[in-house]
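What follows is a set of notes on a single structure, which appears directly below.
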Protein chains: 4
Amino acid sequence: MPEKNQTPAQEPAAESTPRRRQARGERRIAQLLEAAAAVFCSTGYTAASTNAIAREAGVSPGTLYQFFPNKEAIAIELGDRLMHEMRETYGEALAPVDAATPLAEAVGSAVDRFIAFNCRHPVFFALMHGPDIPGRIAEEHDALHATLLLRIETLLTSLLPGTPPADVARTAHVCLGVYKSGLELVLAHQGAEREAYVQELKNVLVRYLEPLAAARTA
Amino acid sequence: MPEKNQTPAQEPAAESTPRRRQARGERRIAQLLEAAAAVFCSTGYTAASTNAIAREAGVSPGTLYQFFPNKEAIAIELGDRLMHEMRETYGEALAPVDAATPLAEAVGSAVDRFIAFNCRHPVFFALMHGPDIPGRIAEEHDALHATLLLRIETLLTSLLPGTPPADVARTAHVCLGVYKSGLELVLAHQGAEREAYVQELKNVLVRYLEPLAAARTA
Amino acid sequence: MPEKNQTPAQEPAAESTPRRRQARGERRIAQLLEAAAAVFCSTGYTAASTNAIAREAGVSPGTLYQFFPNKEAIAIELGDRLMHEMRETYGEALAPVDAATPLAEAVGSAVDRFIAFNCRHPVFFALMHGPDIPGRIAEEHDALHATLLLRIETLLTSLLPGTPPADVARTAHVCLGVYKSGLELVLAHQGAEREAYVQELKNVLVRYLEPLAAARTA
Amino acid sequence: MPEKNQTPAQEPAAESTPRRRQARGERRIAQLLEAAAAVFCSTGYTAASTNAIAREAGVSPGTLYQFFPNKEAIAIELGDRLMHEMRETYGEALAPVDAATPLAEAVGSAVDRFIAFNCRHPVFFALMHGPDIPGRIAEEHDALHATLLLRIETLLTSLLPGTPPADVARTAHVCLGVYKSGLELVLAHQGAEREAYVQELKNVLVRYLEPLAAARTA
DNA sequence: GATGAATGAGGATTCATTCAT
DNA sequence: TATGAATGAATCCTCATTCAT
């Protein structure tokens, strides 16, 4: 977008050609990422094949490799874009919480927004859904994981001021784990049952955090 | 070759052969399952190859398929045996809880035993660590999952009498999810930090269940 | 061959089955190596594809990989067998030269035997024909190269006693280089012209070594 | 972009454009050949990819194909230019030898110049380093080979007057082969060892040719 | 039962080359 | 001219599974 505003009327033809080429590339990348998202969702990241992604995108395998060096890079770029959109939509921190906001409300709205985001981007869960090998987190999902943790830590720091950083980190890990497992349940259900699971997820988190937050008001 | 030289002429062949064959079969199965456990642990279920399992067991691929029709069957049998051992060790229900046992104690001991079991059988986590495809639970892990749920439901029913079954089921799903994510964190750490995560896991569960349990005493 | 002489008549059936299996494997390996030799000859080592080798051998690609981990291993095994046959046919050293043998005769017979061997095994040249990248010798050809050098050094040591090892090594390298280039020319021609090139190759080597050998008689 | 701003309005477009285009084309070709040389040197001809050459030259693959129909053509043109420079630097024949020049001197200076040329143009060796397929000389290297042979034949004709052309041709082939293998050894070493190999190369050639040259003086 | 050879489709990735812009 | 996107066959290699022995 920054390049659009320079010399708007002087060199119309000389520049449109490379611009169009670039635009085509951008479109292809978007198209490939979309296809990758679909494939990741339906088969999982591990089982997804680059050929399947290319096929889904309606291009040849070679085209995919013109834009991404390997499968991992696709996952990483997809994760980056998701995190970017999340930041754009919901701001830098998970939620700007001031001391007056009740915990239940803060957590509730964070969960609602997280879940809404996931429903809009089902891949998110597939990418977040981490390690094939217990205890090890694959690189592809690492950045996503780290970013989410950071967001949660930021929220927790504002909710639980004065807590030692190590404890905040641990609590953030726990919350993320709880959230991931809750999300799995939410996505596995529909309608009223889904709503019930959303409520349960909020309950778990709020009840877990309440005693910790109580320290600050005390 | 060691088994060839034992009792060469004493037993009537017609009787000893099938019995011995059966015994040998059992040994082979145990050997294969052990190998499968090792491979699942080090590479994850999806990436585990049947050839690798056979190699680890010191037998040929053909032998593996004499006892298991496919990879999935191995995981299922492994899960069955784990659940069997769990039942044998800890009894039919997760814990025989009477009304007098404080919730924290009941949950604490259940978590401790669960974790102890996992440390004794690291595959457990690999098998439990479910779906490659978000929202869908793979068949291999299905039985395991169902059994665990049942155990948790049994415990919850005794903890929360009078709760509608649908709510108990939902709560059990949530608890299992929380437990799985907590276990992941526990296994990813060592020493004091691991202990801290164990405590947090207990906290999450106790605080989540407390208000529900309160209803019964009231 | 060593296993054939044990218990020749006691257990005829119990042992023939695994033996046959092994024999099948050996035959496959031989067949694959033969196919590889043909492909290496017609397309060169670098351009040879494992699929082409498998096709030439009339087996599936998977079968090839049951016996060889990769293309390089095929070349190495092929080289090993060639060196083995060379040793079996011509003895450990290139030629057992005593001081009385005239240089021309020693070199002539060594060249003749080398060339005869190459005509019997055209791959030999393809494998010997070294580095794609000047100055670097690929691992596949390394062992072959080293063995040939050793043989030449042994011959030279007997021809040129008292020469410093470093000089012998250098001379051996030169002789091998000359031989390789001469062989290329020999193989590229037929009939009388080929014979003429054989003679020239001998001339080059004899004239090169004569002054060095003169030192010993003096 | 630097070429866009020179002489923007002075020359009539109809005339300057084709001339400038030609000049630009020449520069492009030189640039591509330089890049190809670098890639051939570092990976060898066979393994060199046209994409890599284009990348090294800083142009797109399409541009490369605007000037060369395929990879082979690049090698051929590169070889042509090398031979051209060789002719420009060292004259039409390898060396203008008169009867008075001692053989050792003539050969020594020819070898020295050849080697110097190779050190200035490392691709030369990569291109000369002929056939992937033993016995067959690839088209790419054919012209190079033929030109070198011609030069050597010319030299030999002056050194060995009265020798039948077929013998001269054969001798030239042998000399070229010896030179190529010697060059490989020279390039593979450094410092004093390299010098020693240069000397050995000269020895081989001189001793090989001496008896042939002796005939003329006799 | 046990073996290990055999399969062949499918995995990721590369590359010479073409083509619309 | 120049670009870079597009191709698709070919590369090496793996793996669940079968089958003759």
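A, B, ... follow the sequence lines: proteins, then strands. Residue 1 opens every chain.
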Taking for each residue the nucleotide of DNA chain F with the nearest heavy atom, is it B:T50 or C:P61 whose nucleotide lies nearer the 5' end?
C:P61
Verify the contact: side-chain N or O of B:R28 to OP1 or OP2 of E:dA2, cut-off strictly under 4.0 Å; return yes or no.
yes
Just checking A:N51: base, sugar-phosphate only, or nothing, at a heavy-atom cut-off of under 4.0 Å?
base
Within the structure, does a side-chain N or O atom of C:Y65 lie under 4.0 Å from either OP1 or OP2 of F:dC13?
yes
What contact category does A:A57 fall into here, base, sugar-phosphate, or nothing, at under 4.0 angstrom with non-hydrogen atoms?
nothing
Nearest-nucleotide pick for C:V59, side chain only, options being E:dT7, F:dT11, F:dA6
E:dT7
Would A:K71 count as a cation-pi partner of A:Y45, with NZ or CZ less than 6.0 Å from the six-membered ring centre and within 45° of the ring normal?
yes
Rounded to whole angstrom, note down the C1' distance from E:dG1 over to F:dT21.
13 Å
Just compare E:dA2, F:dC13, F:dA5 and give me whichever is closest to any side-chain atom of A:F67.
F:dA5
Reckon C:S60 has a side-chain N or O less than 4.0 Å from the OP1 or OP2 of E:dT7?
yes
Among F:dT3, E:dG1, F:dA6, find the nucleotide with the atom closest to the side chain of D:Q66.
F:dT3
For atom CD of B:E77, is the number of surrounding heavy atoms from other residues, nucleotides or ligands below 6.0 Å larger than 12?
yes
